[in-house]
Amino acid sequence: MTCYRGRRLRRTETLRRMVRETTLNVHDLIYPMFVMSGDGVREPIPSMPGQYRWSVDLLVEECRRLVDVGIPAVLLFGIPEVKDPVGSEASAAHGSVQQACAALKRALPDLCVITDVCLCEYTSHGHCGILTPQGEVHNDLTLQRLAEVALSHAQAGADIIAPSDMMDARIAALRAALDDADFCQTPIMSYAAKYASAFYGPFRDAAGSAPQFGDRRGYQMDPSNRREALREIAADIAEGADFIMVKPGLAYLDILRDAREMVDVPLVSYNVSGEYSMVKAAAQQGWLDERRVVMEILTGFKRAGADLILTYHAPEVASWLNG
Ligand code: PBG
């Protein structure tokens, strides 16, 4: 009989474990959560089965469970009470993200609290910045507002600031604003290569942040471009980004691999809302083995080069990894 090498090392689970090149760990996971005002609120998000909008009190309780299963970090998105053209509530001390940061740092000091810095959830027009009279997003006016938002998060106790707006030069602007206010120890996790993706659909439902006119293609990246992502990443690192993110995940694994080869800062993959909801929908139909599919997807992000994975599957994955 001819002997081949391939299957010799796949014969038993012990052998497979010994030669495994990539392993997913609970410490790799960051859980994105939506926070809103009120008390005792846990509102299901229809397009994201298993995900909720939380009031601060119940968010803290849920985060206690996350800490107990070993999840190191959450990423917070705020749902405002009122929206206006400049997204005032995004930087308000009484805003739900600011309140959540303070409450989480009090109750769970070891949990790493990351905050999304953007305006689209807070603006009445649903764009990620301040509009000119012509209806275009004004880059530098937006930078000023983003700096106010980032500062309000840092002041409330955020451990990491994560800008997702895709304005030019925002990392330099936020770094300067944080340093000026003595937050030089607050790292920035940059959504460096963020594509204009239809996979954000369920998120926009959850956050009520779909643009009221037009789309985000004027500031988010064209899905066809690869070299441009490397320019965006290089610019953000030069401006002082501490973490680099590629978003979305599955359709952009080549970008993640390119980024891994290019940078030596921690690299983050965002397994976005649409990717989550596709798996949930197929699993609900009984068409996919959810657990195996999710583990395969997340292992793929790590194999491609991610150090950390933002995923709505985080609590389930933690229970599988611990179980
Ligand atoms: C805000 C923001 C979005 C997401 C993260 N931050 C939506 C968007 O850009 O429209 C998407 C996250 C997801 O789909 O899970 N700019």
Side-chain angles (χ1 to χ4, degrees), residues 29-35 45-53 74-80 83 87 89-90 95 97 114-123 125-131 137 139 142-143 145-146 149-150 153 158 160-168 170-171 174 188-223 232 243-252 268-281 294 297-298 301 308-314:
L29 305 174
I30 304 171
Y31 186 44
M33 300 180 81
F34 300 93
V35 56
I45 300 167
S47 57
M48 299 178 72
Q51 302 304 311
Y52 302 87
R53 300 185 194 93
V74 293
L75 171 67
L76 301 182
F77 293 98
I79 316 281
K83 303 188 187 223
E89 213 175 304
V97 166
I114 310 173
T115 56
D116 187 87
V117 171
C118 195
L119 296 178
C120 60
E121 297 107 284
Y122 301 89
T123 50
H125 44 73
H127 279 287
C128 301
I130 306 301
L131 297 184
V137 174
N139 199 82
T142 303
L143 293 185
R145 277 296 293 138
L146 292 171
V149 177
H153 291 178
I160 300 178
I161 301 296
S164 69
D165 50 282
M166 287 302 278
M167 296 304 114
D168 287 331
R170 78 273 175 66
I171 303 303
L174 296 194
I188 299 180
M189 179 182 285
S190 175
Y191 287 67
K194 176 172 176 182
Y195 286 87
S197 172
F199 284 104
Y200 308 149
F203 174 97
R204 291 181 190 171
D205 256 10
S209 65
Q212 298 302 300
F213 65 90
D215 55 43
R216 303 209 202 292
R217 282 182 276 199
Y219 38 102
Q220 298 181 352
M221 286 183 52
D222 184 335
E232 288 283 355
F243 299 78
I244 288 295
M245 190 196 301
V246 174
K247 177 186 175 194
L250 275 180
Y252 300 89
V268 189
S269 170
Y270 199 145
N271 178 215
V272 300
S273 58
E275 301 175 83
Y276 170 86
S277 299
M278 285 195 307
V279 171
K280 282 286 167 194
V294 170
I297 291 172
L298 301 193
F301 295 142
L308 294 164
I309 303 167
L310 274 154
T311 180
Y312 302 95
H313 295 291

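Both counts, for ligands and for their atoms, begin at 1 and track the order of listing.
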* Only one of R53, E121, E89 forms a side-chain contact (heavy atoms from CB on, under 4.5 Å) with I79, so which one is it? -> R53

For [atom], closest protein heavy-atom neighbour:
atom	value
atom 16 (N) of ligand 1	K194 NZ, 3.0 Å
atom 15 (O) of ligand 1	Y312 OH, 2.6 Å
atom 14 (O) of ligand 1	S273 OG, 2.7 Å
atom 5 (C) of ligand 1	K247 NZ, 2.6 Å

* Evaluate the side-chain proximity of I30 to I309: yes if any heavy-atom separation is below 4.5 Å, no if none is. => no

* Can you establish whether the number of heavy atoms outside F199 located under 6.0 Å from its atom CZ is more than 12? => no

* Could an N or O of ligand 1 be found under 3.5 Å from any N or O of E121, whether backbone or side chain? -> no

Kindly say whether [Y] contributes a backbone atom to a donor-acceptor pair with the side chain of [X] at under 3.5 angstrom?
X	Y	answer
Y276	P49	yes
K280	G50	no
S190	I244	no

* Should the proximity of D116 to ligand 1, defined as any heavy atom under 4.0 Å, be assigned to the side chain, the backbone, both, or neither? -> side chain

* Between S164 and ligand 1, which part of the residue brings a heavy atom under 4.0 Å of the ligand: side chain, backbone, both or neither? -> both

* Heavy-atom nearest option to atom 7 (C) of ligand 1, drawn from F77, F199, F203, Y191 -> F203

I need the atoms of ligand 1 closer than 4.0 Å to a non-hydrogen atom of [X], numbered in the order shown.
X	answer
V272	13 (C), 14 (O), 15 (O)
C120	1 (C), 16 (N)
R216	8 (C), 9 (O), 10 (O)

* **Distance-minimising heavy-atom pair for S273 and Y312** => N-CE1, 3.5 Å

* Would K194 count as a cation-pi partner of Y270, with NZ or CZ less than 6.0 Å from the six-membered ring centre and within 45° of the ring normal? -> no

* Asked: Looking at ligand 1, does Y270 have a heavy atom less than 4.0 Å from it?
  -> yes

